[in-house]
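A short write-up of the structure that comes next.
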Amino acid sequence: MGEDLLDLAVLDAAGKNLRLARVAVTGVERKVAKGGVARAATPNDSGAIGELAHRMLAAAPELDTAGAIVLIDSPRWPRDLDLATSAITGGGPRDGVRASAARAIDTSLRAMVRKLALQKRDGSPFQLSMFPTPKFEFFSACVRDPRCKPHLTATARELFGAALESASAGPVPAGGQIFTRFMLTGFAAYRALERTSAALYEAYPDLAFRLWARGEEIPPKRTGRTALDARRRINRRLAEELGCAGAEYISTLDEADATILALSAARALRGGVIAVIEHLAEGRFALALDGDRANRVWNTNV
């Protein structure tokens, strides 16, 4: 997932065929259809997020199938806003003390990873590294930046509504804008898919690769082709275990990330568990575990 494109890895119900798709996020604010003709809005398809939903379902109709599980590589909401009230108000503020620290989901995930006792290839302990989910003021400052792309500005205004209009003015944050824009796209993807029958969960591809590497070294993404080849090998092995076709077409790191989430979840459903961390104000995080690791952790409510 990026700020301009969503990479989808869609696995059929039997787990036998994987299909890769790409959805453009740019231009959702214009509601432009094929041939440059604007489409009329309907009650279920209005605004930038409605347009994003239309594009996602056109690329992957399976997303609106009963029983579908959707894993999204992004948090669901700013850490100091309450997801439970977001549909009406844009998300009311949470308790200031609790929201000032890391998300409850992140704290529980770190505890879960410690239980799993993951190790790097050299035997040293694996330390979970995650970009912290910023507070709302961070996003509002980035959206007010004149350099913010139109599709991100439009989706942010729909996501946050009155909360964005009343946000106090402040300087554009000096760092993290790339991750902030990435997360805005993630927030929009969740909101777009709330209209479907799918169950939506946050997920983390890098951790999924660690859990299913089975001794394969996972180079950092900055190593380019080396990083991609390692991730392709892990995905191809999982696909072979499932008897699944399609993983051989992975050509980018984003496609590899999307694929590991789909394949690891399918593999976990055949002999492991999908552990869930849930928090009313933050959302739900899903982690696919094989049979051996499934015995160490269980569904966790925080």
Side-chain angles (χ1 to χ4, degrees), residues 1-8 25 49 52 56 69-87 89-96 98-113 128-143 152 155-156 158-161 163-164 167 173 175-194 198-210 254 257-258 260-261 264-265 274-288 300-302:
M1 178 183 293
E3 62 183 282
D4 298 334
L5 291 169
L6 297 178
D7 280 281
L8 310 179
V25 184
I49 294 175
L52 181 60
M56 295 178 74
I69 297 173
V70 179
L71 305 177
I72 299 176
D73 177 19
S74 170
R76 189 154 188 168
W77 209 231
R79 75 172 190 262
D80 60 333
L81 296 188
D82 190 342
L83 180 64
T85 63
S86 64
T89 66
R94 296 171 56 190
D95 176 79
R98 183 174 179 81
S100 65
R103 293 187 309 163
I105 283 178
D106 295 344
T107 299
S108 292
L109 182 60
R110 293 182 191 282
M112 187 180 292
V113 170
L128 183 64
S129 177
M130 301 176 69
F131 184 85
T133 303
K135 294 183 177 181
F136 169 67
E137 64 182 14
F138 195 97
F139 295 99
S140 63
C142 288
V143 170
L152 296 177
T155 54
E158 292 182 27
L159 287 165
F160 301 125
L164 187 63
Q177 289 94 333
I178 291 176
F179 281 99
T180 303
R181 296 192 301 263
F182 159 88
M183 289 181 187
L184 280 172
T185 301
F187 298 161
Y190 282 110
R191 184 62 58 82
L193 294 178
E194 285 174 356
L200 310 179
Y201 298 90
E202 179 182 345
Y204 187 23
D206 183 71
L207 180 55
F209 276 117
R210 306 286 169 182
D254 285 341
D257 281 354
I260 190 62
L261 296 181
S264 63
I274 297 179
V276 175
I277 302 170
E278 186 169 3
H279 190 281
L280 183 63
E282 297 176 354
R284 298 182 294 182
F285 189 103
L287 190 64
T300 304
N301 292 314
V302 296

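- Proximity of Val70 to Leu193: side-chain heavy atoms (C-beta onward) are separated by under 4.5 Å at one or more points.
- For the atom pair Leu81 CG and Phe136 CZ, the distance stands at 6.0 Å (nearest 0.5 Å).
- Within the 4.5 Å cutoff, side-chain heavy atoms of Tyr204 are placed close to those of Met130.
- In this structure, Val25 and Leu5 have side chains that are not in contact, with every pair of non-hydrogen atoms separated by 4.5 Å or more.
- Ring pair Phe160/Phe139 is tilted by interplanar angle, where 30° to 60° counts as tilted.
- The line from CD of Glu282 to OG of Ser108 is 8.5 Å long, rounded to the nearest 0.5 Å.
- Ala192 and Met56 make their closest contact through CB-SD, 4.3 Å (heavy atoms, listed as atom of the first residue, atom of the second, distance).
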Query raised in the report: Taking it one step at a time, do His279 and Ile277 satisfy side-chain contact (heavy atoms from CB on, under 4.5 Å)?
Result: CA-CA 7 Å; His279 190 281; Ile277 302 170; over 6 Å; no
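- Shortest non-hydrogen contact noted between Leu159 and Ala188 is CD1-N, 4.0 Å.
- Counting heavy atoms from C-beta outward, Phe138 and Arg79 have side chains that stay 4.5 Å or more apart.
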Query raised in the report: Going through the checks in order, is the side-chain contact (heavy atoms from CB on, under 4.5 Å) test met by Leu287 and Ile274?
Result: CA-CA 5 Å; Leu287 190 64; Ile274 297 179; over 6 Å; no
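- Electrostatic pairing of Asp106 and Arg110 does not count as a salt bridge here, judged by no charged N lying under 4.0 Å from a carboxylate O.
- Here the closest non-hydrogen pair linking Leu71 and Ala203 is CB-CB, 3.9 Å.
- By the 4.5 Å heavy-atom criterion applied to side chains, Phe209 and Asp257 are counted as neighbours.
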Report task. For side-chain contact (heavy atoms from CB on, under 4.5 Å), just list the numbers for Leu52 and Thr185, CA-CA rounded to whole Å, side-chain angles, deciding distance to a tenth of an Å, and then say yes or no. Result -> CA-CA 10 Å; Leu52 181 60; Thr185 301; 5.7 Å; no
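- In this structure Ala208 satisfies the side chain to side chain contact (heavy atoms under 4.5 Å, CB included) test together with Ile260, Leu261, Ser264, sequence neighbours excluded.
- For the atom pair CD1 of Ile49 and CZ of Arg191, the computed distance is 5.5 Å after rounding to the nearest 0.5 Å.
- Annotation for Thr133 and Pro78: closest pair CG2-CA, 4.1 Å, computed over non-hydrogen atoms.
- Between Glu202 and the options Arg284, Arg103, Arg76, a salt bridge (Lys or Arg N to Asp or Glu O under 4.0 Å) holds for only Arg103.
- The heavy-atom pair separating Ala102 from Thr107 by the smallest distance is CB-OG1, 4.3 Å.
- No side-chain heavy atom of Val143 sits less than 4.5 Å from a side-chain heavy atom of Leu152.
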Report task. Could you walk me through whether Val276 and Phe285 pass the side-chain contact (heavy atoms from CB on, under 4.5 Å) test, one step at a time? Result -> CA-CA 6 Å; Val276 175; Phe285 189 103; over 6 Å; no
